[in-house]
Structure formats: C-alpha cells, structure tokens
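Presented below is the structure to which this report refers.
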Amino acid sequence: MAKQVMLKFVDVEKQMPQKRPPDLRARDFDEIYSEYADAKAKEQSSRCSQCGVPYCQSHCPLHNNIPDWLRLTAEGRLQEAYEISQATNTFPEICGRICPQDRLCEGNCVIEQSGHGTVTIGAVEKYITDTAWENGWVKPAAPATERPESVGIIGAGPGGLAAADALRRAGVQVTVYDRYDRAGGLMTYGIPGFKLEKDVVMRRIDQLEQGGVEFVLNCTVGEDLSFDAIRGKHDAVLIATGVYKTRALEAPGVGAGGIVRAIDYLTASNRKSFGDDVPEYDSGELNAEGKRVIVVGGGDTAMDCVRTAIRQGATSVKCLYRRDRANMPGSQREVQNAEEEGVEFVWLSAPVGFIGDTVSSVIIQKMRLGLPDATGRQMPEVIEGADYTEAADLVVQALGFEPEDLPTLWGEPALEVTRWGTIKADYRSHQTSLPGVFAVGDIVRGASLVVWAIRDGREAADSILTYLAQPAQVAAE
Ligand code: FAD
Ligand code: SF4
Ligand code: SF4
C-alpha cells in the first residue's frame, strides 16, 4: 500500500516561513518572510486533509486547485504542482505574497476551523512559483498562430496585465497603455517592497514584453491620447485604470502643510526604492525620517503607510482608526507585523482638527461602538468631552480611494457608471455600455484586491476572444 503523505495536521504543527526579526526588517524595504526550505514546504503541505469539498478553494477568488498542488508539493512533484497552480492564476507568486489569506483561502481551511491552524497555503503557493522561476519553468507567451486582431488595454495593473497575458497567449496583438513610467499599477507604486519586492513584479513585466505585449508608458489616456483614438486603433478595448481619487479628511486645518495623501507618500517611497530621483522625498515633504507620524485609516493602505514610516526612521508612528481591532478592514496579520515593528494603534479614535500652518498636532475625538448599521457593522459614536491633542509632524490620510470621473475625463458620456462612479460592466462578461469595450479590477469593483483584478482580467480576456470571434459585430462599428 502506498505510504500516506497527507493528513499530517494532527502531528505536524502549522509553521509560517521564518519572519526576519522586527529590528532588522524595520531597517530596509525587503520582504519580511524568508522562503520555505524544500523539506519545510513538503512538510507543511502534508498537513492538508485533502477535503472532498475544499472550502479553501471555494474561498479563493481564482478557485485555485489548492488540494492538488499541496499533495503534489508534499510528494516532491513541484513542476506538476506549478502547472496546476498557474493554470488558474496568472501571478501565483504575487498572490502567495500579498493576498489577505486570513480572509480568503486560509481563513476557510477546515483544519483552521477545527483549531489545528490552517495549512499555510499562500506560503506554499509562493514557494512553488519561486521554484518554477528558478528552474525556468515559467515561460513567456509563444502563440502557435498570430491573429490579426488587436486589443488596447488601458492600465498596466494586475487586471490589465492578467488580460494581456491571456490574450497574448491566444495570439492576439496586445498594447497596454499606462500613465506611469513603469507597468504594474499598485503592485509597482502602491504596495511596499516589504510585502512585495519589486523585482518580483518587474520580472513578470519583462516576461510579458518577451511574449510580445507592447507597453506604451508615460501615456495618460484622456490627455496624451484620447479614448476615442484608442477605440479607433483597436478591435476591442479593456479599461483597467484602478481607483486613485483619495477620500479626503474633512476637518478644520486639513489644508496645513505636512498632511499628505497615502498614495503620494507610498509612491514616493517606492520610487526611492527603485533609485529614482524623488524631490518630494528629499525635501522631507513625503519622508517620515525624524518625524512624529500619525496615519489615519484602518485598511491595507494605512498598514502599508505606518510600516513605511517605521522604515524611514520616524520617531513615533501612531495609527488612528475609528472602530476597534476586531472591526478594522485591514488584515490582522499585517496589524501584528506592524505592532512588532513598533507601530502604536489608537483604536476608536478619529481626527477632528489640525493645529499649525505646518501641522504640529492633531485634535483627536474618542469613539465607542454603537448599534449596527444596515450591513450589520457597529457604528462608531462620539464620546462627548473626551477629545485630546496629539503632537504630529506628518499626517498621512489613508481613508481609501474612489474612482475618477472617466466619462467626463475621456469625453465619453455614453460610458455608463454606477452611482459610486465605478464603471458599469456585466459581472461575468465584463462588457461595458460601449460595444467592444470591457472593464475590470478596481475601476469596476471599487478598491479591492490584486487577486480579484487577476480573476476579472482572465475572465475579460475570454469574453474579448468571444467578441473578436464575431466578425459581423466588429465590422459593424
Ligand atoms: P491598479 O493596480 O490600480 O492599476 C491601474 C493602472 O492604470 C495604473 O498603473 C495607473 O497608472 C493606470 N491608469 C489609471 N488611469 C489611467 C489613464 N487615464 N491613462 C493611462 N493609465 C491609467 N491588494 C492585495 O491583494 N493585497 C495587498 O496587500 C494590497 N495592498 C495594497 C496596498 C495599497 C497601498 C493599495 C493602494 C492597494 C493595495 N491592494 C492590495 C489593492 C490592490 O493593489 C488593487 O486592488 C489592485 O492593484 C487593482 O488592480 P487594477 O488592475 O484594477 O488597478
Ligand atoms: Fe489563497 Fe490568494 Fe492563492 Fe487564492 S490566490 S489560494 S486566495 S493566496
Ligand atoms: Fe486542505 Fe484546508 Fe483546503 Fe481542506 S480546506 S483541502 S485541509 S487546505
């Protein structure tokens, strides 16, 4: 009888890859987790109980075939594990690093639910794909036949790139337009290197180029090139522009110097890590060194800002959030990482005013949680008379993002949007109100996750291929 390699969760404890000690990792922007050694990846994969109905898989937005690649890893069959993993995920090594697994696959693993500690799915996914890169198993697109149709993709974030990859593999001519000087979207300029090292993103972009995807960078659609021109040039268009309009604080004094937007702060830091010339960083405007920093918000962006400020050498870093720890939107794993690195979380608190032409302190209001709202979430209520003042030299607003008004910016009123300003697109086909125009990722969902953008991009590529296969429709436009 074959030796049982799986179901080891009772005897083998859950072990994440080693984290670098907080005092060391707080000095640089390198990733904080080391890679599993081969034996450890095998051992941790063997904890999976190979569920008949795998909840991990149903809670992964890509429905990754997790039990199968865990079994193959446990058996040492890594190339086959990689083949299965990449069949449903365009960038598995990226998702393995930055998906909030505690809210997705791992949070729903049955052995986590039974108190044994989840299978470390994300870390194994990263290990499989990093190994595939090392061994040359990750190949650029090499379509058997070139097709004459071309698709223009606006936005080089994960949504646009996942679609570009799938379309190119089908032989379609693909051009990706982006306003930044580097592709990758928020994976390049939003998410810090300590979660996702930049060479991991850049090697994917190099490979897309090697596979024949054309990138047109430093090109803001609506300014440098019109949306109409792009539609005229391509047989189909995909909008994947993300959401970048910062939700701003409304409080007296908010216009003071030293109160900055999270996206500007993180972009400057990421540019610095690339070795770019960043005057706003060098002048101190977007640099926390030697400053008392307050970050406002409780999501992933706020977590990234506080941990960036620590690495830049802030003298203190506090995170204000108006609900409590249990009700924050950010990943608990990231809160723990931030606390280890020296961030102080000030729960049930919100800024109500700022003092100084250049900010010198923040007036903070204390809250308590009241009755649940229509979504069931407890609403914060103000505790009257409990306000206090906290000194600060840099305040980072990390309250989330909203869509830009694309129909106006692009002079295309027929492009329908929802009441939140996100583009209206069919949730399966991703087709918008305009024929031959599709949309994916945050610009449709609102601020979301890389893994959802990848899923949308892959699905939209399928719909675009179906659309291109209907010549009458293409010719009719
Ligand atoms: P984006 O990644 O935003 O890419 C859109 C691209 O479109 C950009 O490159 C932009 O330059 C370009 N563009 C926009 N307008 C134009 C125009 N007019 N012309 C040309 N180009 C244009 N998700 C996770 O899963 N895990 C995380 O840990 C995580 N951390 C995050 C941390 C931060 C700080 C932020 C802000 C987000 C984080 N997210 C995280 C969310 C995730 O990054 C996004 O959900 C995802 O990147 C959305 O992908 P997208 O392709 O829709 O858009
Ligand atoms: Fe989990 Fe994300 Fe990988 Fe899916 S893609 S298995 S949610 S880490
Ligand atoms: Fe394995 Fe957990 Fe998925 Fe079950 S839910 S198949 S134990 S990883």
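This structure is a prediction, so every number in the text was calculated from the model and none was measured. Numbering of ligands and ligand atoms starts at 1, following listing order.
- The closest side-chain heavy-atom distance from Ile128 to Trp69 is below 4.5 Å.
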Step by step, work out the side-chain hydrogen bond (donor to acceptor under 3.5 Å, both in side chains) result for Gln397 and Arg247. CA-CA 8 Å; Gln397 308 182 64; Arg247 244 176 242 148; over 6 Å; no

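- At distances below 3.5 Å, not a single donor-acceptor pair connects side-chain atoms of Glu125 with backbone N or O atoms of Ser85.
- Residue, atom and distance of the protein heavy atom nearest to atom 21 (N) of ligand 1 are Arg179 N, 3.1 Å.
- If you look at Trp452 next to ligand 1, there are no close heavy atoms at all, none under 4.0 Å.
- Nearest to atom 1 (Fe) of ligand 2 among the protein's heavy atoms is Cys105 SG, 2.3 Å.
- Of the heavy atoms in Asp442, both backbone and side-chain atoms come closer than 4.0 Å to ligand 1.
- The backbone N or O of Val221 lies less than 3.5 Å from a partner atom in the side chain of Trp410, making a donor-acceptor pair.
- Cation-pi geometry between Arg182 and Phe274 is met: the NZ or CZ atom falls under 6.0 Å from the ring centre, inside 45° of the normal.
- For atom 9 (O) of ligand 1, the closest non-hydrogen atom on the protein side is Asp178 OD2, 2.6 Å.
- Take atom 2 (Fe) of ligand 3 and draw a sphere of radius 2.8 Å; the protein N/O/S atoms inside it number 1.
- With a 4.0 Å heavy-atom cut-off, ligand 2 is reached by the side chain of Cys99 but not by its N, CA, C or O.
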So Lys19 and Asn337, side-chain hydrogen bond (donor to acceptor under 3.5 Å, both in side chains) or not? Walk me through it. CA-CA 9 Å; Lys19 262 197 262 185; Asn337 287 336; 2.8 Å; yes

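- Looking from atom 25 (O) of ligand 1 to the surrounding protein, the closest heavy atom is Val450 N, 3.0 Å.
- Contacts with ligand 1 closer than 4.0 Å are made by backbone heavy atoms (N, CA, C, O) of Ala240 only, the side chain lying farther away.
- The aromatic ring centres of Tyr189 and Tyr180 sit less than 6.0 Å apart.
- In summary, the atoms of ligand 2 found under 4.0 Å from a heavy atom of Leu104, numbered by their order in the structure, are 7 (S).
- In terms of protein heavy atoms, atom 37 (C) of ligand 1 is closest to Leu186 CD1, 3.9 Å.
- Listed by number with element, the atoms of ligand 3 under 4.0 angstrom from any heavy atom of Leu70 are 8 (S).
- Evaluated by nearest non-hydrogen atom to atom 50 (P) of ligand 1, the leading choice among Pro100, Gly185, Pro158, Gly160 is Pro158.
- Without hydrogens or angle criteria, Thr129 side chain to Ala132 main chain gives no donor-acceptor distance under 3.5 Å.
- Only the backbone of Cys219 comes within 4.0 Å of ligand 1, counting heavy atoms alone; no side-chain atom from C-beta on gets that close.
- For residues 448-462, every residue pair satisfying the side chain to side chain donor-acceptor pair (under 3.5 Å) rule, not counting sequence neighbours, is listed here: Thr90-Arg458, His430-Glu459, Arg445-Asp456, Arg455-Glu459.
- Looking only at heavy atoms of the protein, atom 51 (O) of ligand 1 is closest to Gly159 N, 2.9 Å.
- Atom 3 (O) of ligand 1 has Tyr244 OH, 2.7 Å as its closest protein atom, hydrogens excluded (heavy atom only).
- Scanning the protein heavy atoms around atom 4 (Fe) of ligand 2, the nearest turns out to be Cys60 SG, 2.4 Å.
- Residue, atom and distance of the protein heavy atom nearest to atom 31 (C) of ligand 1 are Ile191 CG1, 3.5 Å.
- Contact annotation for Lys195 and ligand 1: only side-chain heavy atoms (C-beta onward) come within less than 4.0 Å of the ligand.
- Only the side chain of Leu266 comes within 4.0 Å of ligand 1, counting heavy atoms alone; its backbone N, CA, C and O stay farther away.
- Taking atom 53 (O) of ligand 1 as the reference point, the nearest protein heavy-atom neighbour is Gly242 CA, 3.5 Å.
- For Gln50, the CD atom counts as densely surrounded, since its 6.0 Å shell holds more than 12 non-hydrogen atoms of other residues, nucleotides or ligands.
- Counting only heavy atoms of the protein, atom 8 (S) of ligand 2 lies nearest to Glu125 OE1, 3.3 Å.
- Using cut-offs of 30° and 60° on the angle between ring planes, the pair His234 and Tyr177 is perpendicular.
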